[in-house]
Amino acid sequence: MTTTPVVPLPLWDLVIHLSDGRCQCTGACGNKHAAGQGRCEHENGGFISKHAGPIRLLAAPKDPADLARPPHQQAKLSACDLAAWCPPCHDNARTRAQRERRKALADLAADDSLF
Ligand SMILES: [Zn+2]
Ligand SMILES: [Zn+2]
């Protein structure tokens with residue numbers, strides 16, 4: 001048995017098609033993307049810099065909070081819950097979501113200790 005990717009290829013194709021092959025980040029990564037009128041300008045197959053290889057967009061949860069979920073939970077999402085992300089936006093948005101999640105959990109734990 002082979003390992004299955006988090007997002008099956010037909011779903012990836014659909015998500016990338018729906019996004020016009022362009023990263024759908026609108027600031028969740030912490031970059032306001034002013035140059036792209038609020039949306040990241042990275043396109044699938046485009047280049048971030050002269051030295052990096054072509055961008056391969058990722059199909060990942062549209063809601064950045066879901067990026068912090070484990071892969072088996074992300075795998076249950078359908079195309080309408082997914083968005084195209086370029087790797088830098090995805091990584092930064094996920095890091096931010098994980099930080100928020102940890103903060104929320106820490107706040108919960110702090111609340112518990114009060115009572
Ligand atoms: Zn992006
Ligand atoms: Zn971004």
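Start at 1 and go down the list; that is how both ligands and their atoms are numbered. Just so you know, residue 1 is the first one in the sequence shown, and it goes up from there.
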If you compare all heavy atoms of [X] against all heavy atoms of [Y], which two are closest, and at what distance to 0.1 Å?
| X | Y | answer |
| --- | --- | --- |
| Ala65 | Ala97 | CA-CB, 4.2 Å |
| Leu67 | Trp85 | CD1-CZ2, 4.0 Å |
| Ala68 | Gln98 | CB-CG, 3.8 Å |

Is Trp12 close to His17 at the side-chain level, that is, under 4.5 Å between some pair of heavy atoms?
no

Look at the side-chain heavy atoms of Ile, Leu, Val, Met, Phe, Trp and Tyr, link any pair under 4.5 Å apart, and say whether Val15 and Leu58 land in one connected group.
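Not linked; separate clusters.
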
Protein-derived N, O or S atoms lying under 2.8 Å from the Zn ion (ligand 2), waters excluded
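Of the protein's nitrogen, oxygen and sulfur atoms, 4 lie under 2.8 Å from the Zn ion (ligand 2).
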
Once side chain to side chain contact (heavy atoms under 4.5 Å, CB included) is applied, do any residues pair with Glu41, and if so which ones, sequence neighbours excluded?
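With sequence neighbours excluded, Glu41 shows a side chain to side chain contact (heavy atoms under 4.5 Å, CB included) to Arg22, Ala35, given in chain and number order.
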
